Structure formats: structure tokens, C-alpha cells
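Because the structure is a prediction, the values reported are computed rather than measured. Counting begins at 1 with the first residue of the sequence.
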Amino acid sequence: MASSSLVFRLHDRGPELVRKVLLERGWKEYDGGEQEEEDWNLYWRASAFRSSDYHNLLPWQRLNHHPKTVGITRKDCLVRNLRRMRATFGSSLYHFSPAAFILPNDHTRFLSEYTRRRQTGGWSAYWICKPVDLSQGRGIFIFEDYKDLIYDSSVVIQRYISNPLLISGYKFDLRIYVCVKNFHPLTIYMHQEGLVRFATDKYNLSSLDNLYAHLTNTSINKLGPFYTTNKERVGQGCKWAMNKFRCYLRSQGINELLLWQKINNIVTLTLLSIAPSVPSSPNCVELFGFDVLIDSKFKPWLLEVNSSPALTLDCQVDVAVKKGLISDLIDLMNYRSIDSLRERAYRKQLPRYHASQASRFSTPVATFEELKSQKTSGSRGRHQPDREGPPALRVGDFILTFPFNRATLNASQHKLDVKLVIQELHKLTCQLASGCSQSDKTRRREEGEGKKDEVVRTSDGEEDFESLLWGPKDPPLLNERAKEAMRAKEAMGAWRY
């Protein structure tokens with residue numbers, strides 16, 4: 001019989017950090033020798049689940065992967081999906097991923113682009129080759145001359161960003177942690193803490209074979225000769241926490257807020273490429289690792305998206321960042337006290353309930369009282385979604401980044417309106433870039449008065465909904481940020497006058 005504690009189940013005994021966090025929170029680990037097969041609340045694994053795992057979910061159970069997200073987590077699939085979105089919505093919007101080719105299929109196209117760039121003159125083009133199904137930097141190499149391209153399996157060839165932003169001569173990228181709580185409706189949270197991952201040798205284009213200067217993967221750099229060296233400004237090891245990077249940006253006088261919003265856009269636009277095709281699985285969440293490079297002009301570039309980002313603890317920075325990350329992720333899963341009772345609460349009260357029966361609905365699992373009410377009303381235990389308001393703006397250090405206003409909340413409630421969402425993203429970015437004032441927003445609302453069928457209201461008559469701006473140490477509301485930008489712009493104009 002089930003105990004009164006929440007129970008977690010780990011595939012292949014890992015990751016250890018998840019075990020540690022859950023045990024500290026009072027959970028118990030699943031014991032297949034003593035417990036029934038379905039007597040668990042969370043099943044965590046690094047690899048994908050089988051279709052039957054989703055079909056057989058019970059209302060008290062959660063999985064740590066959504067189905068069919070390989071469209072962004074496998075390198076060749078990501079290239080295809082971003083290429084499709086670029087063709088549909090324009091290259092200017094989806095110009096956050098370097099030009100890429102999947103070989104051998106795109107060999108002719110790549111050769112044509114390679115030749116064109118070589119004939120342009122005045123500058124050199126560098127390329128990076130990545131095996132499509134390997135991770136942690138394995139099999140990656142950088143080349144300038146076509147004759148150095150050698151491969152024996154499917155690879156992605158990507159234009160190498162040869163002008164990265166450097167800190168004291170060292171290349172770095174950002175590991176951004178993103179949780180998709182639901183794809184229907186699309187609900188995205190980004191964690192305030194992430195990792196700044198450094199190469200451990202100084203950046204130098206004259207030594208393309210020096211992976212310690214060009215790759216930021218911890219699995220590679222922790223084996224390098226300068227890993228333990230106290231490097232200028234970077235320090236020992238190869239990682240910073242995100243908050244240290246925020247301090248660096250402020251010290252350089254960079255428009256930090258616009259940079260964060262551009263990274264936010266990359267995350268949302270990438271997830272939009274697969275959101276309509278991911279089956280609804282309200283009992284799942286997924287943690288992605290988005291790897292973003294910033295170039296010398298402060299333009300962020302998406303390098304890749306990781307399913308099951310590494311949760312190993314290689315240094316104190318990992319401990320500080322990842323432990324809080326996992327704890328906040330568990331809070332996002334919305335466990336209720338009734339879930340700890342599992343079979344005692346559910347099986348004795350109503351017929352067997354499968355998550356597949358609720359896949360058409362957008363809300364998570366039902367509470368016991370809801371299921372009991374539905375049973376007595378003759379609904380056969382099916383979960384009828386209640387009309388909830390906007391999701392929480394913040395859970396721990398997870399900041400809600402989508403939906404970010406009433407328009408995007410509406411656009412994601414039923415069939416995702418990708419075109420409208422993209423328009424709203426563009427509008428928001430322009431506000432932050434140019435200082436669009438709150439009065440503009442008020443004017444647009446006033447212009448819409450009289451069109452009562454176009455006014456969006458919640459059940460209590462509220463007309464608007466805003467989220468926080470992810471990135472800054474103390475995230476402001478988006479409309480407040482727009483007003484501040486406008487005041488700064490007006491002050492600058494007055495000073496020039």
C-alpha cells in the first residue's frame with residue numbers, strides 16, 4: 001500500500017542531484033521490490049520516454065519530458081525547424097541561428113555557400129562541424145578550408161561565430177535553463193540563475209584545433225591544462241553564475257535589458273517551431289538547456305538546445321545554481337498533498353484514470369475533490385478543465401516569459417496562433433529598444449473603445465495581463481520597464497537640447 005510521502009523514481013539511479021534535493025524535501029525513493037509498479041509521483045530519466053509511458057500516466061504522476069521535443073534538441077532537427085520558420089516568418093526575425101547545413105544531404109548547398117563566401121573577398125569564413133547525435137563537445141572541429149572537412153556520419157555544418165564577445169580574452173557562452181510547463185497552452189518559464197561557461201585558453205583564430213580556446217563544454221575544459229589556473233578576471237575553473245555576468249554587463253555600460261529580451265525572444269521563437277506539433281501532456285514538464293553565444297556586437301546567437309542538461313556538480317558554482325534550479329522545478333510541478341496518497345486517494349474513489357483521457361485538456365491533473373465531484377455527476381472520472389487565470393508570474397527563480405501579455409495568453413489558449421505571438425514579440429522588443437511609453441499603450445486601448453467584441457476580459461473584468469522581464473537581478477514588470485526606457489530617452493533628448 002502506498003505511503004503518505006511523495007515518491008520519486010530515477011532511471012539508471014541518476015541524476016544524484018535530483019535524488020539529493022527530493023530526499024531533503026521529504027520525498028522517498030521508489031523501491032520496485034517493495035512497491036507496486038505505479039506507486040510513484042515523479043519518474044525522471046535522461047532519455048526520452050516511450051509512447052506507452054505517456055498513455056498510462058495516472059493523475060498523481062509526472063514525467064520530466066514532454067513527448068516529441070526532439071525537433072529542437074537534436075541538431076539536425078533544430079536546423080530543419082528553424083529553416084522552416086525562417087522561410088515562413090522571415091529571415092530578419094529568425095536570424096538568431098548561424099547559417100547551417102545538414103551533411104551529406106545539404107552538401108551541394110553548403111559547397112555553394114562556401115564558394116560564395118570565399119569569392120566575396122576581404123574576410124574569411126570559418127565553419128564548425130558537429131555530429132548530429134553526439135553531445136558534450138564530442139566529435140566537434142572547426143575549419144576554414146574545405147579540404148579539412150572530413151566526416152563519416154551525419155553532421156551539421158554551421159557558420160562559426162568568429163567574433164565572440166570575450167572576457168579578458170576568453171570565449172564564453174550562456175547556459176540558459178528553460179522549463180516548458182505545458183505546450184497546450186504554451187507556458188514557458190526561464191530561470192534567473194544560469195551558467196556562464198568559459199573556454200580555458202585564450203581565444204585565437206590561428207589555432208582552430210585548440211578546443212580549449214574554442215569550445216566552452218565543461219566536459220572538455222575540465223581536462224585542459226589551465227582549468228585550475230587563476231585566469232585573469234575569469235578565475236579558476238570555467239564557470240560563473242549568471243549574477244556575476246550581470247555585474248560584468250553593468251560594468252561595461254551595456255544595454256542589459258534589451259540583451260535579456262533578445263535572449264528571451266530566441267527561447268520563445270525556438271519553442272514556437274515545435275509547439276503546435278507536440279502532443280498535449282498536462283502531467284509533464286521539461287527542463288531544457290539553451291546554449292547562447294553573444295558576439296562582439298552584443299548580438300545573441302542560439303548554438304543548440306539540450307534535452308536533459310547536465311546536472312553534475314563539478315564545482316561550487318554548479319552547486320549554487322543547480323540545486324536551487326531543481327528545487328524550483330519541483331515547485332513548478334504543482335504537487336498537492338492528495339498526490340502523496342496515490343492509490344488510496346484515487347483508486348478507491350473512482351475508476352482508473354489515465355492521462356491519455358485528459359490529453360485534450362490544457363490544465364494539469366485534477367484534485368481528488370474535483371474527481372470526486374465529477375464522478376458523482378456522472379462524468380466517468382474525466383478531467384473537465386476549469387477556467388484558470390494567467391499562470392504564476394514567478395515560482396522561486398523561475399520567471400514566466402510566455403505568455404507575457406493578454407494577447408499572447410489568448411493566442412495560446414486553444415489552437416496556438418503563432419503569427420499573432422510573433423507580432424506581439426516584435427512589438428515588445430521595439431518597446432524596450434525605443435522606449436515606447438505606457439501612454440502609447442493607453443492610446444491604443446482608447447482607440448479600441450467601442451469595439452466591445454475585441455476587448456479581452458477575464459472572468460472578473462480585468463482587461464490586461466503582464467509578466468516580468470526575465471534577466472535583471474530584480475525583474476521589473478514589462479510595462480514599467482517600457483516607461484523607464486521612455487523617461488531615459490526623453491532625458492537624453494533634453495540633455496542634447
Q: Under 3.5 Å, is there a donor on one side chain and an acceptor on the other for Thr216 and Asp173?
A: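 On atom types as modelled, these side chains qualify, holding a pair under 3.5 Å.
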Q: What do you reckon, is NZ of Lys419 surrounded by more than 12 foreign heavy atoms closer than 6.0 Å?
A: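 Check fails, neighbour count at 12 or below.
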Q: Donor-acceptor pairs under 3.5 Å, side chain of residues 41-48 to any protein atom, not counting sequence neighbours: which ones?
A:
residue : atom : partner : partner atom : Å
Asn41   : OD1  : Val7    : N            : 2.9
Asn41   : OD1  : Arg342  : NH1          : 2.7
Asn41   : ND2  : Trp60   : O            : 3.2
Asn41   : ND2  : Asp339  : O            : 2.9
Arg45   : NE   : Ser47   : OG           : 3.2
Arg45   : NH2  : His11   : NE2          : 3.3
Arg45   : NH2  : Ser47   : OG           : 3.1

Q: Could you name each residue pair satisfying ring-ring contact (aromatic ring centres under 6.0 Å, His included) that touches residues 73-97, not counting sequence neighbours?
A: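 Checked against ring-ring contact (aromatic ring centres under 6.0 Å, His included) - neighbours excluded - the pairs reaching residues 73-97 are Tyr94-Phe96, His95-Trp301.
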Q: Is there side-chain contact between Lys28 and Leu23, with at least one heavy-atom pair below 4.5 Å?
A: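 In short, these two side chains do not touch, never coming nearer than 4.5 Å.
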Q: Do Asp331 and Arg25 pass the salt bridge (Lys or Arg N to Asp or Glu O under 4.0 Å) test, and can you show the C-alpha distance, the side-chain angles, and the key distance before you say yes or no?
A: CA-CA 11 Å; Asp331 287 338; Arg25 293 170 65 109; 2.6 Å; yes
Q: A quick test of your reading: do over 12 heavy atoms of other residues, nucleotides or ligands sit less than 6.0 Å from CD of Glu37?
A: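 It does not: Glu37 CD has 12 such atoms or fewer within range.
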Q: Ignoring hydrogens and angles, tell me if any N or O in the side chain of Asn405 forms a donor-acceptor pair with the backbone of Thr408 under 3.5 Å.
A: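 Yes: the side chain of Asn405 pairs with the backbone of Thr408.
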Q: State yes or no: are the ring centers of Trp240 and Phe198 separated by less than 6.0 Å?
A: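 Aromatic pair counts; centres sit under 6.0 Å.
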Q: How would you list, by chain and number, every residue that makes a ring pair (Phe, Tyr, Trp, His ring centres under 6.0 Å) with His214, sequence neighbours excluded?
A: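 Only Tyr160, Tyr203 meet the ring pair (Phe, Tyr, Trp, His ring centres under 6.0 Å) criterion with His214.
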Q: Please check if atom NZ in Lys299 has more than 12 non-hydrogen atoms from other residues, nucleotides or ligands closer than 6.0 Å.
A: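 Atom NZ in Lys299 is crowded, with more than 12 foreign heavy atoms closer than 6.0 Å.
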Q: Between atom CG of Leu63 and atom CG of Leu57, what is the distance when rounded to the nearest 0.5 Å?
A: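 Between atom CG of Leu63 and atom CG of Leu57 there are 4.5 Å.
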Q: Start with the C-alpha distance between Val156 and Leu103, add both sets of side-chain angles, then the distance that settles side-chain contact (heavy atoms from CB on, under 4.5 Å), and finish with yes or no.
A: CA-CA 6 Å; Val156 165; Leu103 273 59; over 6 Å; no
Q: Mind checking whether Ser135 and Asn306 have side chains closer than 4.5 Å, heavy atoms only?
A: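 Ser135 vs Asn306: side chains apart.
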Q: Testing Lys239, Arg175, Arg197, Lys222 one by one against Asp318 for a salt bridge (charged side-chain N to carboxylate O under 4.0 Å, His left out), which residue passes?
A: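 That would be Lys239; it is the only one of Lys239, Arg175, Arg197, Lys222 passing the salt bridge (charged side-chain N to carboxylate O under 4.0 Å, His left out) with Asp318.
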Q: Here's a test for you: under ring-ring contact (aromatic ring centres under 6.0 Å, His included), which of Phe398, Tyr177, Phe288, Phe290 qualifies with His191?
A: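 Single ring-ring contact (aromatic ring centres under 6.0 Å, His included) partner of His191 among Phe398, Tyr177, Phe288, Phe290: Phe398.
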Q: Does Ser277 have any side chain to side chain contact (heavy atoms under 4.5 Å, CB included) partners at least two apart in sequence or in another chain, and if so, which?
A: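 Ser277 satisfies side chain to side chain contact (heavy atoms under 4.5 Å, CB included) with Ile274 only.
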Q: Could you tell me whether the side chain of Lys130 reaches within less than 4.5 Å of the side chain of Val155, counting heavy atoms only?
A: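 With C-beta onward as the side chain, the pair stays apart.
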Q: Is the shortest side-chain heavy-atom distance between Glu424 and Leu420 below 4.5 Å?
A: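 When only atoms from C-beta onward are counted, Leu420 and Glu424 do touch, with a gap below 4.5 Å.
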Q: How far apart are the C-alpha atoms of Arg83 and Asp106, what are their side-chain angles, what is the distance that settles it, and do they pass the salt bridge (Lys or Arg N to Asp or Glu O under 4.0 Å) test?
A: CA-CA 13 Å; Arg83 185 183 293 169; Asp106 291 341; 3.1 Å; yes
Q: What residues, two or more places apart in sequence or in another chain, satisfy side chain to side chain contact (heavy atoms under 4.5 Å, CB included) together with Asn105?
A: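 Listed in chain order: nothing, the list is empty.
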Q: Are Arg62 and Tyr335 in a cation-pi setup, meaning NZ or CZ lies under 6.0 angstrom from the ring centre and within 45 degrees of the ring axis?
A: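 Output yes; distance and angle both within limits.
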Q: More than 12 heavy atoms of other residues, nucleotides or ligands under 6.0 Å from NE2 of His426: yes or no?
A: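 Not more than 12 within 6.0 Å, no.
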Q: Applying ring pair (Phe, Tyr, Trp, His ring centres under 6.0 Å), can you list everything that pairs with Phe245, at least two apart in sequence or on another chain?
A: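 Phe245: ring pair (Phe, Tyr, Trp, His ring centres under 6.0 Å) contacts with Phe172.
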